[in-house]
Trainee: 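Pasting in a structure now, in C-alpha cells, and then I'll have a few things to ask.
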2 protein chains.
Amino acid sequence: MALGKDYATQDCSIARALEIVGERWTLLIVRDALYGVRRYNDFLVHLGIPRAVLAARLQTLTTEGILVKHRYQQSPPRDEYVLTERGTALWPTLRSLGLWGREHFGERKLRVFRHAGCGTELGAYGECPACGTVVPVADVEMVPGPGVDPHPADPVGRALLRPKRLLEPLEVEPA
Amino acid sequence: MALGKDYATQDCSIARALEIVGERWTLLIVRDALYGVRRYNDFLVHLGIPRAVLAARLQTLTTEGILVKHRYQQSPPRDEYVLTERGTALWPTLRSLGLWGREHFGERKLRVFRHAGCGTELGAYGECPACGTVVPVADVEMVPGPGVDPHPADPVGRALLRPKRLLEPLEVEPA
DNA sequence: CTCCTTGGTTCAGTGAACAGACTCACGATG
DNA sequence: CATCGTGAGTCTGTTCACTGAACCAAGGAG
C-alpha cells in the first residue's frame, strides 16, 4: 500500500503484516506463486502488471524472505522465484480471503481445493473434513471449478486449468 | 489499492476481495471496527489516517455493505459505523493475517484472543481448543498481551487496554 | 551479423495519499 | 447575544506511487 511508513505507529501484528504484503499486487503475486508460477514473464502475462511494479514487488518479497531467487539454468542465466516457508504460511490468509470474496461478491466457484489422495474438498480453514486434519499446502490439489473461463487468453491461465498441486511448478507451453 | 480496475480481469475470488478491501487503510479500519471502534473521530485518532482518506474509505465500505451508518443521536446529529455480517466475516482473514505477521515479523505478543466464558486462548483458525468449536466473533474476548504499550498516546488505544469482547462498542473517555 | 527471448531499467504523465487549513451544524459557556 | 468547542467532514497544494511505453543487455537461433 503506497508506503508502509505510517503503519509503523500501529503496534499491531495486522499492521505489521500489511506493511509487507499490503501493497497493491503483492498478495496476487503470492497467490500466483502458490499456484506454481515462478518466472518473471509468467507473473507478467498472468497478472497484467506493469513491469516496473513487478520487478519492485519481487525485490521486496525477496528481501522480506517470502520468495527466494533461484537460478535454474546457467546459460542463458534464468532465475525463478520460489516461495519460502514464510511465503507458504500465507496460504490460510489467502484461502480465507478468497472464500470471503466468493461468498460475498462472487457468484461462481472458480477453483476447488481438495485434499490430494483423499479427494475431499477442503473446509473453510484449509482442513480436510474427512481426515479431520489441517492439510499441508503441498498436499492441496487445485482443480478448476464450474465457473471458470474455459479459454483464458494467456498461456498461464490455460496452464492453470489442469489439476495440479499447490507449489508444484507450473508448466507453461510456449506461445 | 489505488484502483480496482485492473483486478477485474483476474477472474479470481482473491482478486475480487482485494478490489474491495485491498486499498490502503481499509483492512485496518475493519480491524478497528471489530475491536469496537465506531465513530469517525475514534478511527481518526487511533489510525492517524488523513481525514479525507478516512471519509472515502468509510463511504466505500458502506456502499459495499461492510459497514452500516447508524444515527445514534439526533441533536447534534451523530452517526456511527457498525460492521455488518459481511464485515464480521472478515475476522478469520484478519486473524490469520495477524498471526502471520506476529510469527514472522513481530517479536512481542500484543493482544490475546480468548473464548469468552471458557477462557481458553483461540487456536490458529479462531477455534477454541478446549471446546473444539469455532468461536463466533461476538464470543471472542480480547485482552492485552505482554508486549503491548501500556501507555498509548491516544484515548482509543487506552480504551483498548481494557479486556472486552469483539464488536462490543468501545467506550472512549473524553480527553 | 541481425533478430528474438527473457528479465529487467528508465522515463514522463496521472492519479492517489498526505498534512493542514477551512467549513458547517450544533451545544455549551460567559 | 457573542464566543468557544466538538464532531464530521471538505478543500488545497504537495508529494509519491502506479501506469504504459520505450529502452537496454545478455545469450542463443538463423
Side-chain angles (χ1 to χ4, degrees), chain A residues 1-10 18-19 22-29 32 37-62 67 69-82 154-156 170 172-175, chain B residues 1-9 18-19 22-29 32 37-62 67 69-82 154-156 169-170 172-175:
Chain A
M1 314 207 159
L3 12 71
K5 169 172 58 80
D6 245 65
Y7 288 177
T9 68
Q10 278 294 314
L18 286 173
E19 280 175 35
E23 286 179 307
R24 188 157 155 75
W25 297 111
T26 301
L27 278 178
L28 291 181
I29 292 172
D32 271 17
V37 178
R38 295 186 164 195
R39 287 157 62 167
Y40 182 92
N41 221 46
D42 292 343
F43 286 112
L44 199 69
V45 302
H46 189 231
L47 293 172
I49 177 178
R51 309 175 77 90
V53 178
L54 177 58
R57 293 293 182 276
L58 290 174
Q59 171 69 42
T60 307
L61 286 169
T62 302
L67 298 175
K69 197 169 181 173
H70 170 239
R71 176 146 305 181
Y72 66 96
Q73 172 183 305
Q74 286 302 333
S75 168
R78 292 283 178 265
D79 297 319
E80 58 186 6
Y81 295 88
V82 186
D154 66 300
V156 178
L170 188 68
V172 179
E173 75 237 48
Chain B
M1 315 205 158
L3 11 72
K5 169 172 59 76
D6 246 65
Y7 288 177
T9 67
L18 286 173
E19 281 175 34
E23 286 181 308
R24 188 157 153 77
W25 297 111
T26 303
L27 278 179
L28 291 181
I29 292 172
D32 271 16
V37 177
R38 294 185 165 196
R39 288 156 63 167
Y40 181 91
N41 222 43
D42 292 344
F43 285 112
L44 198 69
V45 303
H46 190 232
L47 293 173
I49 178 178
R51 309 176 79 91
V53 177
L54 177 58
R57 293 294 181 275
L58 291 174
Q59 171 69 42
T60 307
L61 286 169
T62 302
L67 299 175
K69 197 171 183 173
H70 169 238
R71 175 146 306 182
Y72 67 95
Q73 173 183 304
Q74 286 302 333
S75 168
R78 293 282 177 267
D79 297 320
E80 57 185 7
Y81 296 88
V82 185
D154 65 299
V156 178
L170 188 68
V172 179
E173 75 237 49

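Letters A, B, ... mirror the listed sequences (proteins, then strands); counts begin at 1. Because the structure is a prediction, the values reported are computed rather than measured.
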Trainee: Please state how far atom CZ in A/F43 lies from atom P in C/dG7, giving the value in whole angstrom units.
Mentor: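 Computing the A/F43:CZ to C/dG7:P distance gives 11 Å.
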Trainee: Grab the CG-P distance between A/L54 and C/dG8 for me, whole Å please.
Mentor: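 One finds 8 Å between P of C/dG8 and CG of A/L54, rounded.
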Trainee: Are B/V37 and B/V156 side-chain neighbours, meaning at least one heavy-atom pair lies under 4.5 Å?
Mentor: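 The answer is yes; the side chains approach within 4.5 Å.
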Trainee: Rounded to whole angstroms, how far apart are CD on B/Q74 and C1' on C/dA25?
Mentor: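 Taking CD of B/Q74 and C1' of C/dA25, I get 14 Å after rounding.
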Trainee: Under 4.5 Å between any side-chain heavy atoms of B/T62 and B/Y81, yes or no?
Mentor: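 The answer is yes, as the side chains (C-beta and beyond) meet within the 4.5 Å cut-off.
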Trainee: Just N and O in the side chain of B/R24: are any of them under 4.0 Å from OP1 or OP2 of D/dA17?
Mentor: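 No, outside the criterion.
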Trainee: Expressed as a whole number of angstroms, how long is the span from A/Q59:CD to C/dT9:C1'?
Mentor: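 About 13 Å, once rounded to whole Å.
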Trainee: Contact between B/R38 and B/L170 at the side-chain level, heavy atoms closer than 4.5 Å - yes or no?
Mentor: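 A side-chain contact is absent here, since even the closest heavy-atom pair is not under 4.5 Å.
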Trainee: Could you tell me the separation between the CG atom of B/L44 and the C1' atom of C/dG20, rounded to a whole number of Å?
Mentor: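 In whole Å, C/dG20 C1' lies 12 Å from B/L44 CG.
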Trainee: Rounding to an integer number of Å, can you tell me how far B/E23 CD sits from D/dC16 P?
Mentor: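 Atom CD in B/E23 sits about 21 Å away from atom P in D/dC16.
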Trainee: Any non-hydrogen side-chain atom of B/D32 less than 4.5 Å from a side-chain atom of B/L28?
Mentor: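 No. Closest side-chain heavy atoms not under 4.5 Å.
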Trainee: As a test of reading the structure: which of D/dG28, C/dC26, C/dA17 is closest to the side chain of A/P76, going by heavy atoms?
Mentor: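 Closest nucleotide among those given: D/dG28.
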Trainee: Are any non-hydrogen side-chain atoms of B/L18 and A/L27 less than 4.5 angstrom apart?
Mentor: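 Yes, at least one pair of side-chain atoms sits under 4.5 Å.
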Trainee: For nucleotides 1-10 of chain D, give me one character per nucleotide, 5' to 3': B if any protein heavy atom sits under 4.0 Å from the base, S if the only such contacts are to the sugar-phosphate, - if neither.
Mentor: -----BSBBB
Trainee: OP1 or OP2 of C/dA16 sitting under 4.0 Å from any side-chain N/O of B/W25?
Mentor: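 B/W25 to C/dA16 OP1/OP2: no side-chain N or O under 4.0 Å.
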Trainee: Under the side chain to side chain contact (heavy atoms under 4.5 Å, CB included) test against A/P50, which residue among A/V53, A/L47, A/L54 passes?
Mentor: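 Of the listed residues A/V53, A/L47, A/L54, the side chain to side chain contact (heavy atoms under 4.5 Å, CB included) partner of A/P50 is A/V53.
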Trainee: Quick one: B/R71 CZ to C/dC26 P, roughly how many Å, whole number?
Mentor: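 From B/R71 CZ to C/dC26 P: 10 Å.
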